[in-house]
Engineer: 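This is the structure I want to talk about, given as structure tokens.
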Amino acid sequence: MYEIVRRHLGKVVAGAAMAVTGTAVAVAISLPGTAGAEDSPAARGAASGSAPADGARGTDGAGGAEGTGGRGAAALAPATVVPPAPEGARGSGTDPLTDDELARARALALGTADSAARQDVDGDRGRPQHLGTELADPVPGREADRRAQVRFYDYARDELVTRTVDLATGKVETTATRRGVQPSAHPEELRAALELILASPLGKGVKEDYRDATGTELTSADQLWFNGDVYRTYREKNVPEALSRCGEHRCVRLVTKVRNGAWIDTRNLIVDLSAKNVVRVG
């Protein structure tokens with residue numbers, strides 16, 4: 001299985017490389033005579049704020065006039081990149097939430113009395129699992145108000161909690177809870193799932209594949225690159241009894257690989273994060 005997956009991915013990578021190469025050729029043909037100027041020694045000197053060396057100015061011929069219709073080197077001077085303005089503590093209108101606003105929104109959403117009983121993916125109380133924070137839709141007549149929508153998953157009750165907060169007043173405007181709704185998994189949840197796999201007897205094969213690929217032992221999730229998402233039973237032909245509550249429970253499937261190395265197939269291992277259980281499928 002490991003060799004099949006690796007060969008298949010090799011074909012995918014090769015195909016992608018060919019596609020990128022073809023695109024590069026097309027761009028090179030269609031670009032005007034000044035294409036690539038930004039990558040010349042002169043351009044690199046200008047971007048770094050230093051004057052180019054005398055020899056660098058002659059890369060396109062005498063003074064840069066050749067091939068440019070006699071416009072001279074000045075016509076080839078690349079545009080400079082203006083650094084972004086410093087981010088303020090507070091945005092305006094429909095600007096994305098600033099870092100300060102993101103932190104404030106999360107703190108406000110966690111400040112309610114019922115948060116103490118909620119749990120994150122690690123079972124810590126008082127800290128429901130944060131899934132995401134975004135700018136809330138504007139309310140007619142209050143378009144200038146900065147409001148945020150914060151989503152948590154409460155593992156104590158297996159429910160999605162969504163709170164809307166007013167960033168100016170500090171007020172929690174609404175709280176909505178729903179069960180059986182499973183948004184995409186947060187990186188913290190994916191890491192918790194990987195740690196459960198490695199601690200499970202079913203993780204033995206993952207460790208063996210890692211040893212075969214690297215010659216070293218797999219002892220930590222930090223040694224792997226990983227990604228994944230929610231396991232949705234309605235997309236599967238055969239769902240084991242042990243996973244029948246996925247959808248009500250928070251379940252995920254991972255893809256993993258050695259960092260800067262080979263893929264390790266973990267797609268047949270499903271983790272029920274609510275029950276802290278690992279199940280093999282297929």
Side-chain angles (χ1 to χ4, degrees), residues 96-112 114-137 147-165 167 172 174-200 203 206 220-236 243 245-257 259 263-264 266-279 281:
L97 295 171
T98 67
D99 290 344
D100 286 351
E101 288 177 318
L102 288 170
R104 176 167 170 74
R106 186 170 176 179
L108 290 172
L110 285 173
T112 58
D114 68 338
S115 293
R118 300 187 183 277
Q119 293 182 1
D120 67 2
V121 68
D122 296 320
D124 295 333
R125 288 192 174 275
R127 185 181 180 271
Q129 181 61 49
H130 179 247
L131 299 181
T133 303
E134 59 192 8
L135 190 68
D137 292 335
R147 300 160 60 251
Q149 190 175 76
V150 188
R151 290 178 295 122
F152 297 100
Y153 193 83
D154 177 18
Y155 278 89
R157 299 180 177 90
D158 269 311
E159 63 184 18
L160 176 67
V161 182
T162 304
R163 289 195 171 119
T164 302
V165 299
L167 295 170
V172 176
T174 62
T175 297
T177 60
R178 299 176 65 187
R179 292 187 177 180
V181 179
Q182 300 295 343
S184 294
H186 189 276
E188 291 176 357
E189 294 177 298
L190 298 178
R191 182 183 178 86
L194 179 56
E195 291 174 346
L196 285 171
I197 289 175
L198 297 182
S200 164
V206 177
S220 168
D222 292 331
Q223 295 169 260
L224 293 173
W225 175 93
F226 57 90
N227 204 345
D229 205 353
V230 172
Y231 172 77
R232 305 188 189 278
T233 56
Y234 62 83
R235 296 178 180 173
E236 307 297 324
L243 298 176
R245 297 188 68 186
C246 289
E248 175 190 351
H249 282 188
R250 191 96 165 126
C251 302
V252 298
R253 167 183 268 151
L254 299 179
V255 290
T256 60
K257 69 188 294 286
R259 288 188 177 275
W263 291 89
I264 295 179
T266 54
R267 293 171 299 172
N268 64 338
L269 299 178
I270 308 302
V271 182
D272 184 335
L273 290 170
S274 299
K276 301 295 186 287
N277 191 29
V278 182
V279 179
V281 297

Engineer: Rounded at 0.5 Å granularity, tell me how far CD in E101 sits from CG in D99.
Structural biologist: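 One finds 9.5 Å between CD of E101 and CG of D99.
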Engineer: Quick one: pull up OG1 in T266 and CD1 in I197 and give me the separation to the nearest 0.5 Å.
Structural biologist: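 Separation between the atoms: 5.5 Å.
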Engineer: Treating T133 as the side-chain partner and L102 as the backbone partner, does any N or O pair qualify as donor plus acceptor under 3.5 Å?
Structural biologist: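 No.
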Engineer: Verify, without hydrogens or angle tests, whether R163 (side chain) and V172 (backbone) share a donor-acceptor contact under 3.5 angstrom.
Structural biologist: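 Such a contact is absent between R163 side chain and V172 backbone.
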Engineer: Could you please spell out the steps behind the side-chain contact (heavy atoms from CB on, under 4.5 Å) verdict for T256 and W225?
Structural biologist: CA-CA 6 Å; T256 60; W225 175 93; 5.9 Å; no
Engineer: For residues D114 and T112, is any side-chain donor paired with an opposing acceptor at under 3.5 Å?
Structural biologist: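 A pair is found: one side chain offers a donor N or O, the other an acceptor, under 3.5 Å apart.
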Engineer: Which heavy atom of L167 sits nearest a heavy atom of L97, and at what distance?
Structural biologist: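 Where L167 meets L97 most closely, the heavy atoms are CD1-CD2, 3.8 Å.
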Engineer: Would you name the heavy atoms of F152 and A109 that are closest together and state the gap between them?
Structural biologist: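 Minimum heavy-atom contact is CE1-CB, 3.5 Å.
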Engineer: Find the distance between CG (D120) and CZ (R127) and round it off to the nearest 0.5 Å.
Structural biologist: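 The CZ atom of R127 is 5.0 Å from CG of D120, to the nearest 0.5 Å.
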Engineer: Is D222 salt-bridged to R191, going by a charged N under 4.0 Å from an acidic O?
Structural biologist: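 Salt bridge flag = yes for R191 with D222.
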Engineer: N277 versus V271: any side-chain heavy-atom pair under 4.5 Å?
Structural biologist: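 No; the side chains remain at least 4.5 Å from each other.
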Engineer: What are the two closest heavy atoms between A185 and V230, and how far apart are they?
Structural biologist: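 In this case the closest contact between A185 and V230 is N-CG2, 4.0 Å.
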Engineer: How many angstroms lie between atom CD1 of I270 and atom SG of C251, to the nearest 0.5 angstrom?
Structural biologist: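 Taking CD1 in I270 and SG in C251, the distance rounds to 8.0 Å.
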Engineer: What distance separates L194 CG from N227 CG, expressed to the nearest 0.5 Å?
Structural biologist: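 Reported value, rounded in 0.5 Å steps: 11.5 Å.
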Engineer: Indicate yes or no for a side-chain donor-acceptor contact from R125 to the backbone of A117 under 3.5 Å, with no hydrogens or angles considered.
Structural biologist: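 Answer holds: yes.
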Engineer: Using a 4.5 Å cut-off on heavy atoms from C-beta on, say whether the side chain of L273 contacts that of L196.
Structural biologist: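 Of all side-chain heavy-atom pairs linking L273 with L196, at least one is under 4.5 Å.
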Engineer: Could you report the tightest heavy-atom contact between T164 and A136, atom names first, then the distance?
Structural biologist: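 Taking T164 first and A136 second, the nearest heavy atoms are CG2-CB, 4.2 Å.
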Engineer: Give a yes-or-no answer on whether the side chains of T162 and R151 include a donor-acceptor pair shorter than 3.5 Å.
Structural biologist: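 No donor-acceptor contact under 3.5 Å links the two side chains.
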Engineer: Measure across S115 and P128 and return the closest heavy-atom pair with its distance rounded to 0.1 Å.
Structural biologist: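 Of all heavy-atom pairs spanning S115 and P128, the closest is O-CD, 4.3 Å.
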Engineer: Among L110, D124, D154, which one satisfies side-chain contact (heavy atoms from CB on, under 4.5 Å) with R118?
Structural biologist: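 Exactly one candidate clears the test, D154.
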Engineer: Does atom CZ (R259) have a neighbourhood of more than 12 heavy atoms from anything else shown, all under 6.0 Å?
Structural biologist: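 Correct, the count exceeds 12.
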Engineer: Checking side-chain contact (heavy atoms from CB on, under 4.5 Å) against L190, which of V255, L254, D229 comes through?
Structural biologist: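 Of the listed residues V255, L254, D229, the side-chain contact (heavy atoms from CB on, under 4.5 Å) partner of L190 is L254.
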Engineer: Would you compute the distance between atom OG of S274 and atom CZ of R157 and round it to the nearest 0.5 angstrom?
Structural biologist: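 Going from OG on S274 over to CZ on R157, the span is 14.0 Å.
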Engineer: Are E248 and R245 within salt-bridge range, i.e. N to O under 4.0 Å?
Structural biologist: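 A salt bridge links E248 with R245.
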Engineer: Quick check: do V279 and D272 have side-chain heavy atoms less than 4.5 Å from each other?
Structural biologist: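 No, too far: nothing below the 4.5 Å cut-off.
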Engineer: If you compare all heavy atoms of R232 against all heavy atoms of S184, which two are closest, and at what distance to 0.1 Å?
Structural biologist: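 Closest approach of R232 to S184: NH2-N, 4.3 Å.
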Engineer: For R250, is there an ion pair with E189 - N to carboxylate O distance below 4.0 angstrom?
Structural biologist: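 Looking at E189 and R250, the cut-off is met.
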Engineer: Looking just at side-chain N and O atoms, do Q182 and Y153 make a donor-acceptor pair shorter than 3.5 Å?
Structural biologist: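 Yes, side-chain donor-acceptor contact under 3.5 Å.
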Engineer: E236: which residues meet the side-chain contact (heavy atoms from CB on, under 4.5 Å) condition with it, sequence neighbours left out?
Structural biologist: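 Counting only residues at least two positions away or on another chain, E236 forms a side-chain contact (heavy atoms from CB on, under 4.5 Å) with Y231, V239, R253.
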Engineer: Please determine, by modelled atom types, if E188 and Q129 share a side-chain donor-acceptor pair under 3.5 angstrom.
Structural biologist: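 Distance-only check passes for E188 and Q129.
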